[in-house]
Student: 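Dropping the structure in here first, questions after.
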2 protein chains.
Amino acid sequence: MPQEDYSAEQAMRYMQDTLYVTGGKWKLLILTAIHAGSKRFKEIQGSVPGITAKVLSKELKDLELNKLITRTVYDTTPVTIEYEGTEYCQSLNTMINEMIKWGAMHRKQIRD
Amino acid sequence: MPQEDYSAEQAMRYMQDTLYVTGGKWKLLILTAIHAGSKRFKEIQGSVPGITAKVLSKELKDLELNKLITRTVYDTTPVTIEYEGTEYCQSLNTMINEMIKWGAMHRKQIRD
DNA sequence: CTGTATCCATGATGATACTG
DNA sequence: CAGTATCATCATGGATACAG
């Protein structure tokens, strides 16, 4: 039984909060892509396997609403749009890196 | 731009692996409940707000298949069944704790 | 390029009742 | 207590076409 910093009820609420913002099939994958350097719509779509434009569009809006990314329109011809993680988004870095690390470890495990 | 331990493609694959095992609406909440000490079916159902017996039953089977929990039948009267995290499940502790910590921080932020 | 609109299929979930 | 069965509903996502 691990010692926790929070009660079971608190832990549950906080986990729910985290999942509310980052949960679902795509958000963490999109953040991973942006985290890794993708900025343009097509670039992100290329990085996230299987995502369609419709879904990516909706998810980017959600992330923007939650202040995790910014959408900047550059007045070039044709217009260029860049998505970037906000400063606040960086608070997710530790968590995201832990998830990636676990996935790497897990992949090793199931291969053996 | 943070320095990463993995290439963008690797990071994406590993994140996908992690989400494959722990993703979806309920798995991390169930693991949080078990992590916090819940063992019995009803206990877990009581800890995870809104989950139905049908869904919990299915999710517990998935988690068992992925070797994250064990299901033990005790031959009492009436029969007692306990779910517990495996040793392998403990490798998720850091990640889960980071998610809970982030939720706690985020809740503070949005309150202000 | 960066999306939006529409239509449709599917899987996930909810409600309720029921079993060993 | 610990689930399963059945039916209905609903959100998610896929395919395709189209727009600024």
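Lettering follows sequence order; numbering is per chain, from 1. We use all heavy atoms of the structure for the numbers below, so side chains are in, but hydrogens, waters and symmetry mates are not.
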Student: Looking at B:R40 and B:E82, is any side-chain nitrogen of the basic one under 4.0 Å from a carboxylate oxygen of the acidic one?
Tutor: no
Student: Side chain of A:F41: nearest nucleotide among C:dT2, D:dG14, D:dG3?
Tutor: C:dT2
Student: Can any side-chain N or O of B:T22 pair as donor or acceptor with the backbone N or O of B:T18 at less than 3.5 Å?
Tutor: yes
Student: From CD of A:E64 over to P of C:dT2, roughly how many Å is that when rounded to an integer?
Tutor: 15 Å
Student: For DNA chain D, what residues of residues 69-86 of chain A have any heavy atom nearer than 4.0 Å?
Tutor: none
Student: If the cut-off is 4.0 Å, is B:K39 near the phosphate of D:dA2, judged by side-chain N/O to OP1 or OP2?
Tutor: no
Student: May I have the distance from A:Q45 (atom CD) to D:dG13 (atom C1'), rounded to whole angstrom?
Tutor: 14 Å
Student: How long is the gap from NZ on B:K27 to CG on B:L31, to the nearest 0.5 Å?
Tutor: 9.0 Å
Student: Looking only at side-chain atoms of B:V55, point me to the closest of C:dG3, C:dG14, C:dT2.
Tutor: C:dG14
Student: Touch check for B:K61, heavy atoms < 4.0 angstrom, all strands: base, sugar-phosphate only, or nothing?
Tutor: sugar-phosphate
Student: How close or far is atom P of C:dG11 from atom NZ of B:K58, stated in whole angstroms?
Tutor: 12 Å
Student: Under 3.5 Å, is there a donor-acceptor pair between the side chain of A:E59 and the main chain of A:L56?
Tutor: no
Student: Hey, are B:R13 and B:D17 close enough for a salt bridge, meaning a charged N less than 4.0 Å from a carboxylate O?
Tutor: no
Student: From CD1 of B:I44 over to P of D:dC1, roughly how many Å is that when rounded to an integer?
Tutor: 13 Å
Student: Once ring pair (Phe, Tyr, Trp, His ring centres under 6.0 Å) is applied, what residue pairs with a partner in residues 8-33 of chain A remain, sequence neighbours excluded?
Tutor: A:Y6-A:Y14
Student: Less than 4.0 Å between a side-chain N and a carboxylate O, is that true for A:R71 and A:E64?
Tutor: no
Student: Write down the distance between CG (B:L60) and C1' (D:dT4), rounded to a whole number of angstrom.
Tutor: 14 Å
Student: Is there a residue in residues 12-26 of chain A whose heavy atoms reach under 4.0 Å of DNA chain C, and which residues are they?
Tutor: none
Student: When the distance from CG of A:L56 to P of D:dA15 is rounded to whole Å, what number comes out?
Tutor: 16 Å
Student: Quick one: is D:dA2 close enough that its OP1 or OP2 comes under 4.0 Å of any side-chain N or O from B:R40?
Tutor: yes
Student: Given atom CG of A:L29 and atom C1' of D:dT12, what is their separation to the nearest angstrom?
Tutor: 16 Å
Student: For A:K42 and C:dT4, give me the distance from atom NZ to atom C1', rounded to whole Å.
Tutor: 13 Å
Student: Short question: side chain of A:T80, backbone of A:T76 - any donor-acceptor pair under 3.5 Å?
Tutor: no
Student: What verdict does the side chain to side chain contact (heavy atoms under 4.5 Å, CB included) test give for A:M12 and B:L29, after you've listed the backbone C-alpha separation in whole Å, the side-chain angles of each residue and the deciding distance to 0.1 Å?
Tutor: CA-CA 7 Å; A:M12 187 60 58; B:L29 295 174; 3.7 Å; yes
Student: Measuring only between side-chain heavy atoms, which start at C-beta, is B:M15 closer than 4.5 Å to A:I96?
Tutor: yes
Student: Considering just the side-chain nitrogens and oxygens of B:T52, establish if one lies under 4.0 Å of OP1 or OP2 belonging to C:dT13.
Tutor: no
Student: B:K54 side chain: which of C:dC7, C:dT13, C:dT2 is closest?
Tutor: C:dT13
